[in-house]
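Every number for a ligand or one of its atoms is a count from 1 in the order of the listing. Counting begins at 1 with the first residue of the sequence. Just so it is clear, the model here is predicted, and its values are computed rather than measured.
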Amino acid sequence: MVDLSVDLGKLRLSNPVLLASGTVGFGREYGRCYDLSRVGALVTKAVTVRPRPGNPPPRVYETPAGMLNAIGLENPGLEAFLRDELPFLRELGCPVVVNIAGQDEDEYATLARHLDRAAGVAALEVNISCPNVKQGGLAFGVDAASASRVTAAARAQTGLPVMVKLSPNVTDIRAIARAVEQAGADAISLINTLLGMAIDVHRRRPVLGNLTGGLSGPAIRPVGVRMVWEVAASVGVPVIGMGGILEATHALEYLMAGASAIMVGTGNFVDPTAPLAIIEGIRQYLEEHRLSGVKAVVGCARPGTGERR
Ligand SMILES: Cc1cc2nc3c(=O)[nH]c(=O)nc-3n(C[C@H](O)[C@H](O)[C@H](O)COP(=O)(O)O)c2cc1C
């Protein structure tokens with residue numbers, strides 16, 4: 001029997017496959033497809049202090065080996081989340097990680113404080129890809145100082161494990177990773193979507209109602225793997241990798257680059273049960289190669305580590 005469990009700081013998961021934020025909502029629809037207690041954890045759609053209607057349609061568009069989305073953080077807001085969604089989520093049987101998004105540091109602090117008191121929240125994932133209203137709309141995640149301030153604001157309000165989710169739309173991801181680690185992040189997840197755009201040549205207009213959107217899916221996997229490789233070498237906290245994972249070999253790529261766990265996002269749209277096949281595929285790989293567990297492959301592709309073949 002191989003050991004699929006992973007430790008992300010204080011957070012222990014039964015296996016390394018998490019469901020990425022925004023791709024399974026609050027679990028209601030995917031909970032009808034399979035038993036969600038089988039995944040390592042579910043990360044919720046971003047929760048904001050106030051309800052958000054999201055962006056005007058069209059909001060999604062399929063691209064070669066990927067998709068663009070500009071949902072605009074549509075969610076019912078903190079109060080309705082705690083009242084209507086969390087009671088359902090805590091019955092699912094898997095750890096629930098709540099993704100939080102704010103327009104300034106105070107909003108991150110407010111979200112962390114309220115979620116800290118709520119039963120059934122295993123950890124917080126701080127989404128720093130959203131526009132910073134006070135600094136003129138630039139995302140917190142593209143600047144080490146503001147990424148650090150947001151992390152510290154959430155950290156100060158909760159004893160829950162805090163993971164910070166990095167944006168790939170930066171020049172040096174390592175500097176941002178080090179900044180959030182120093183500000184108290186227990187783990188770092190990456191990557192969020194890459195900023196992209198598509199034009200409808202018949203209408204002669206941008207396809208998305210929001211004009212630009214986030215690119216996800218297999219097209220971005222090499223970027224994600226490269227960034228996980230860089231960040232894992234730069235910080236001491238666990239790294240959770242994502243971007244374009246559709247099957248077990250893709251997950252293993254991330255683990256071997258240095259991720260302690262992975263998330264499946266767009267893959268859920270291709271096949272809702274993909275996470276289960278990925279868990280099983282990782283198990284088979286470990287068994288075939290007579291490895292004791294997931295930890296034996298984490299970072300094994302790095303020079304000077306692991307068993308090379
Ligand atoms: C439709 C959609 C909605 C998303 N919503 C969120 C969100 O609310 N918060 C967040 O941190 N990431 C969000 N993401 C980003 C994903 O969690 C993930 O980081 C990204 O899609 C890359 O992984 P993938 O290629 O496996 O999809 C969203 C992605 C998609 C496709």
Side-chain angles (χ1 to χ4, degrees), residues 17-27 29-30 39 41-48 51-52 54-55 57-77 81 85 97-102 108 111 123-131 139-141 147 150 154 162-169 173 180 187-196 208-210 213-228 239-247 250-251 253-254 259 261-272 274-275 278:
V17 179
L18 294 81
L19 307 184
S21 176
T23 61
V24 293
F26 297 113
E29 300 79 9
Y30 281 80
V39 300
L42 178 152
V43 188
T44 69
K45 175 70 189 162
V47 175
T48 54
R52 283 180 61 101
N55 288 327
R59 293 172 165 194
V60 292
Y61 178 65
E62 192 168 340
T63 59
M67 64 181 281
L68 284 169
N69 92 80
I71 306 298
L73 301 180
E74 177 185 345
N75 81 98
F81 169 76
E85 305 296 344
V97 179
V98 181
N99 184 280
I100 59 172
Y108 282 95
L111 289 157
L124 302 181
E125 181 178 55
V126 178
N127 175 0
I128 56 173
S129 305
C130 27
F140 290 105
V150 166
V162 173
M163 51 179 90
V164 178
K165 182 164 178 183
L166 304 188
S167 165
N169 304 310
I173 192 102
V180 303
I188 293 175
S189 51
L190 72 156
I191 57 175
N192 211 314
T193 53
L194 285 153
L195 204 53
L208 295 172
N210 186 53
L215 182 65
S216 63
I220 72 168
R221 194 167 62 245
V223 180
V225 172
R226 185 265 295 179
M227 288 189 157
V228 163
V239 172
I240 303 146
M242 80 197 91
I245 297 175
L246 302 186
E247 51 189 63
H250 306 161
E253 263 195 81
Y254 276 97
I262 61 94
M263 296 194 197
V264 180
T266 302
N268 295 308
F269 302 154
V270 181
D271 172 5
I278 293 170

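- In terms of protein heavy-atom proximity, atom 12 (N) of ligand 1 is closest to K165 NZ, 3.0 Å.
- Residue R226 holds its CZ atom at 8.5 Å from CD1 of I191, rounded to the nearest 0.5 Å.
- Considering only non-hydrogen protein atoms, atom 9 (N) of ligand 1 sits nearest to S21 OG, 3.0 Å.
- Interatomic distance, CE of M67 versus CD1 of I220, reported as 11.0 Å (0.5 Å rounding).
- For ligand 1, the atoms closer than 4.0 angstrom to any heavy atom of T193 are 20 (C), 21 (O).
- At under 3.5 Å, not a single nitrogen or oxygen of E125, backbone or side chain, sits near a nitrogen or oxygen of ligand 1.
- Closest to atom 26 (O) of ligand 1 among all protein heavy atoms lies G265 N, 3.1 Å.
- The backbone N or O of N127 sits less than 3.5 Å from a side-chain atom of Y108, completing a donor-acceptor pair.
- I191 O, 3.6 Å is the protein heavy atom nearest to atom 22 (C) of ligand 1.
- Summary of contacts: the protein heavy atom closest to atom 29 (C) of ligand 1 is N69 ND2, 3.6 Å.
- Heavy-atom minimum distance, R59 versus L208: C-CD2, 3.6 Å.
- Aromatic ring pairs are classed by plane angle as parallel below 30°, tilted from 30° to 60° and perpendicular above 60°; the pair F81 and F26 is tilted.
- For atom 3 (C) of ligand 1, the nearest non-hydrogen atom of the protein is G22 O, 3.4 Å.
- Listed for the T48 side chain is no donor-acceptor partner under 3.5 Å among the backbone atoms of G102.
- Shown are V43, L124, L42; of these, the side chain to side chain contact (heavy atoms under 4.5 Å, CB included) with V98 is made only by L124.
- Counting heavy atoms closer than 4.0 Å to ligand 1, residue V60 contributes nothing at all.
- Counting atoms of ligand 1 from 1 in the listed order, those under 4.0 Å from a heavy atom of A20 are 17 (O).
- Within ligand 1, counting atoms from 1 as listed, the ones closer than 4.0 Å to a heavy atom of A46 are 8 (O).
- Within ligand 1, counting atoms from 1 as listed, the ones closer than 4.0 Å to a heavy atom of G244 are 24 (P), 25 (O), 26 (O).
- Ligand 1 has no atom lying under 4.0 Å from any heavy atom of G267.
- If you number the atoms of ligand 1 from 1 as listed, the ones under 4.0 Å from a heavy atom of M242 come out as 18 (C), 19 (O), 23 (O).
- What you find for L246 and G267 is that their closest heavy atoms are CD2-CA, 3.4 Å.
- The number of heavy atoms from other shown groups lying within 6.0 Å of OH (Y61) does not exceed 12.
- The closest donor-acceptor contact from the side chain of N169 to the backbone of L195 lies under 3.5 Å.
- Counting only heavy atoms of the protein, atom 5 (N) of ligand 1 lies nearest to K45 NZ, 3.1 Å.
- The protein heavy atom nearest to atom 15 (C) of ligand 1 is N192 OD1, 3.5 Å.
- Without hydrogens or angle criteria, Y254 side chain to M242 main chain gives a donor-acceptor distance under 3.5 Å.
- Residue contact check: T266 has heavy atoms under 4.0 Å from atoms 24 (P), 25 (O), 26 (O), 27 (O), 31 (C) of ligand 1.
- In this structure, of L73, V47, N99, the residue bringing a heavy atom nearest to atom 11 (O) of ligand 1 is N99.
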